[in-house]
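Just below is one structure, and these are the notes that go with it.
The structure displayed is predicted, hence computed values, not measured ones. Nothing fancy with the numbering, it's 1 onward along the sequence.
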Amino acid sequence: MNCTTADARQTTVGEVEFPFPFPPYPIQEDFMQNLYSTLQDGKVGIFESPTGTGKSLSLICGALTWLRDFEEQQRKELDSLIQENSDINSSSADVNQKTQSEVKSQPEWLFEFDSKKSKIEEEERLKAKRELLKRRETKLRELKSKAKSKKRKLVSRENFSKPSPDSREDAEVEINPPGDGKVEDDDEILVADYTSDQETEDGGSDEEEGKVNTDELTKVYYCSRTHSQLSQFVHEVRKSPFGGEVRLTNLGSRQTLCINPTVRKLKSLTLINDRCLDMQRNKTVPKKSEEDSGTAKRRRATSTSCPYYNQARLEEFKDKLAMEPLDIEQLVDSGKEIKACPYYGTRHAVPFSQIVVLPYNILLHKSTREACGIKLDGNIVIIDEAHNLLETISSVHSVEVSGRQVNKAFSQLGQYMHRYKSRLKAKNLMYIKQILQVLTAFIGALGSKPASTPATNQEAKPGSSTTLLTINDFLFEAKLDNINFFKLQRYCQRSKISHKLNGFVEKKMDSEVKLVGDIKESSQAMGMSNFLKQIKEQQLQKGLKNEKNIKDEAGGSSCESMEASSPLMHIQSFLQALTNADRDGRVVIYKKELLSQASMKFLLLNPAVHFDEVVTKARSVVIAGGTMQPLDEFKHQLFSCTSTSPDRILEFSCGHVIPPDHLLPICLSHGPSGRQMEFTFQSRNKPETLDELGRILVNLSTIIPAGLVCFFPSYEYADNVFSYWGKTGVLSRLEKKKAIFQEPKKATQVEQVLGSFASVIKKTNSASKPLGTQNGAILFCVVGGKMSEGINFSDDMGRCVIMVGLPYANIQSPELKEKMDYLNATMPLIQGRTAGQVHYENMCMKAVNQSIGRAIRHKDDYATIVLVDHRYGRPSVQTKLPGWIYKQLHTTEKFGKAFALIRQFFVSKRP
């Protein structure tokens, strides 16, 4: 991999030359040097570099420089080993080093043969590896040459636009869903025969068909939180000196990459995955003919395969990825152009790639990681935006199911078993009955009884309560301790019972598969046989309709009805969490007065358990973020279950690139009338506190130009403040200073609000106006909301960020209390304080740091940060702020002094 960008600069740091598109900042040079050392020495690096300091570009140039040097070193070592083996084979002196006693016991020619054979095999293996590298480099050069000379013609475009008879049959089947309502057409939704021999085999994942094998090429796996952040990284790679040479693959979900219209219309990710996998399996299903049926000519295919899953076009798609890095949108566009599936195309490109870009959940979830062909052994893992890594791991492995889902799964599976009871083998019937037994127990644990519909809002036990249990206690209380959940989970995976049930519900629609709402007795009281008997009676009374009439009545296969058909998939995820959990997991049961409102959740308390494999297998792991403080607790929790020694962990933190006079952080402990500002839960809603906060904002709006962003601790508190200010006239006074915007609760409205906010600022802000008449706009946001992360309030959009109070979480939350109790029991004291209390405070400060970091976005930016609460004056709070903010923090008890500092700050910045 060579650097070919024309304007690339070589920056020498120590003994390493780093290609960089412009002269780097000193902190970027330090960043790249420490990153290079971390990768070279196989360490775990924790890197903190504030947003706006070029962190992404430093990661790219540092990591790819190391990868370039490492690949070159591998080539030299490979050539050296091959030469060494050749010299040894040509020398007769080293053929046999056996002792005389050995020679006497066995023939000398046998030792000579074994020695030569092993050396020849090793030499052939090394030569094959070198040849593989050479072929890949040659192919890449050929692709680049063809791309530059002319636009390549798309493979088989004419064949795709003029489908063959077989493909026309497939298209017909796709438009008209298969099946005529006859029993013979139900083969596809029947579970296959299941024998006890299969129970000893490892169960594959749902995506087993799509697995690909990686090779020995060293890769960099780059992870971030959202697809938009990954797209930004891809754009940075393209602009970097390595953009013309690096082979990059961007992985995503089927929901984001699928281009099949009939699959994309399914709104549920679970249903999209299921339909896609069915299409891959159906690719090899033999078609039925007239002779097979012996009756009138029937539909020639029971289902359709995906026309975009074509090996020739997938190869072309993979070649395109080798030529240039593409983001998610470009992958989809290229897939549509080539008529190749971007989802499987990107997965096939993984073995050939040098950088694999992927979301958190793919890396952190083992089964998903393996299904995508991600092998960590000897490779590099970079986790960006890692400030919430602990919470992300816990979220990925925590599963919640509602009482409505459990109840629907019970009703649907019961009807499935009743309809196909005579056609199911004994083993299948045994496991289906076990699943029904588990579902019955789950409904009982939620305080209700099965065989009722959520639509009837069946009552659970009186009152609401929350219970936290260990896994063993939960299974014991639910009377499920006699069931082998590992075998049951393996059966669910191998038989794909949830997919079969989903197909059953979708095919039969609402005419047959109904939640049993008019059964007055529960199955516990009447027994399973009587329960199924009532189902049969209901179906006979209603009468069966053929699928065409069903579809006509339903107006087509609506997404809503299909969404309602997948509850067993959620139950299977819950079972998987129980079987894969360690002793530190908990089951949280939320009982409500209505079953439809009740739920169960598996709660992961120790995320380090699932991160251990990543740290152990990867050559090096880099955890990077704009704000990683507070760091001590992060290290304690993340590496508590790993064998990582403290010597393997490297920490790097740098300041910001802005000059010191471009930032003014202030701790404001008192308002204009001298009232102490305290936003504890007990005092934050007092009229005096809200009046004083209003006076602070009105005064600051007078002197702060352009955009002002104000963060509240929660949506509920923001609504209370707005309601009070509307009655007292504060909002009217603010509107005279600035246009008012409020963060929307719907994610789809965020872009619209931000666009309007920026537009008003651009129109009304003018440097020629006196400071007292400056306008602009004020945006009210919520800590942890949609605008506290990933949104850039750069330049005039965020000249001031105001943080109202300390956003502590609700300490009465059962999940939080359990987490704190767990930390207190398993972690040592931290500076004389319990680990649970430190965790509680750190959650608050991490949220604060993310919110106030929205203001400064580049080296020429400037802003002031106002922390409104006297508790920000405490040293224990201030030391948990980012270092570049803490070092310049002004603490004052007089509002007048703070007002003067802010006024002077913006006067000095006026052109």
Side-chain angles (χ1 to χ4, degrees), residues 270 397-415 432-483 485 488-489 492 498 501 514-528 531 563-579 581 585-605 812-818:
T270 302
H397 293 90
S398 296
V399 182
E400 184 171 10
V401 293
S402 67
R404 182 180 181 87
Q405 290 171 331
V406 179
N407 201 25
K408 290 172 70 175
F410 175 85
S411 180
Q412 292 171 3
L413 187 60
Q415 294 175 76
I432 290 175
K433 288 180 179 179
Q434 277 194 5
I435 298 173
L436 288 170
Q437 180 184 348
V438 170
L439 295 173
T440 302
F442 284 177
I443 296 175
L446 292 171
S448 186
K449 296 178 181 180
S452 64
T453 173
T456 63
N457 289 327
Q458 182 195 12
E459 292 187 2
K461 293 180 180 179
S464 301
S465 63
T466 302
T467 308
L468 287 98
L469 301 169
T470 64
I471 296 175
N472 289 336
D473 289 344
F474 168 72
L475 296 178
F476 180 79
E477 291 197 9
K479 296 181 175 57
L480 294 173
D481 50 316
N482 61 331
I483 291 182
F485 276 83
L488 188 61
Q489 176 63 15
C492 291
S498 59
L501 183 62
K514 285 286 189 181
L515 288 169
V516 188
D518 54 350
I519 297 178
K520 305 305 179 184
E521 299 179 86
S522 71
S523 65
Q524 289 177 324
M526 70 175 69
M528 184 60 66
F531 167 63
E563 178 69 24
S565 65
S566 58
L568 189 60
M569 297 180 185
H570 298 278
I571 308 301
Q572 185 175 335
S573 298
F574 187 78
L575 294 178
Q576 185 176 16
L578 292 180
T579 54
R586 297 289 186 273
V587 177
V588 190
I589 302 175
Y590 299 97
K591 293 183 181 179
K592 302 292 183 180
E593 293 183 357
L594 299 177
L595 176 61
S596 59
Q597 299 173 353
S599 63
M600 288 189 307
K601 181 178 182 179
F602 170 76
L603 178 64
L604 179 68
L605 297 177
Q812 299 302 320
S813 165
E815 295 182 21
L816 178 57
K817 290 174 68 175
E818 187 70 17

What are the two closest non-hydrogen atoms of [X] and [Y], and how far apart are they?
X      : Y      : value
Gln437 : Leu480 : O-CD2, 4.2 Å
Val401 : His570 : CG1-O, 3.5 Å
Ala598 : Lys591 : CB-CA, 4.4 Å
Ala409 : Pro567 : N-CG, 3.7 Å
Ala478 : Ala441 : O-CB, 3.5 Å
Tyr590 : Lys601 : CE1-CB, 4.4 Å

Rounded to the nearest 0.5 Å, how far apart are [atom1] of [X] and [atom2] of [Y]?
X      : Y      : atom1 : atom2 : answer
Ser465 : Glu593 : OG    : CD    : 10.5 Å
Gln572 : Leu488 : CD    : CG    : 9.0 Å
Leu468 : Glu815 : CG    : CD    : 7.5 Å
Asn472 : Leu578 : CG    : CG    : 10.5 Å
Gln405 : Met600 : CD    : CE    : 10.0 Å
Leu469 : Leu603 : CG    : CG    : 12.0 Å

Walk me through it: do Leu595 and Val406 pass the test side-chain contact (heavy atoms from CB on, under 4.5 Å)?
-> CA-CA 10 Å; Leu595 176 61; Val406 179; over 6 Å; no
Can you name the residues that form a side chain to side chain donor-acceptor pair (under 3.5 Å) with Thr467, not counting sequence neighbours?
-> none
Listed by chain and number, what are the side chain to side chain donor-acceptor pair (under 3.5 Å) partners of Glu818, not counting sequence neighbours?
-> Arg586
In chain order, what residues pass the ring pair (Phe, Tyr, Trp, His ring centres under 6.0 Å) check against Phe474, with sequence neighbours excluded?
-> Phe442
Given side-chain contact (heavy atoms from CB on, under 4.5 Å), test Leu446 with Asn407 step by step and report yes or no.
-> CA-CA 11 Å; Leu446 292 171; Asn407 201 25; over 6 Å; no
Any side-chain heavy-atom pair from [X] and [Y] closer than 4.5 angstrom?
X      : Y      : value
Val438 : Ile571 : no
Phe485 : Leu475 : yes
Gln412 : Leu568 : no

Pair Thr579, Gln489: side-chain N/O donor-acceptor within cut-off below 3.5 Å = no
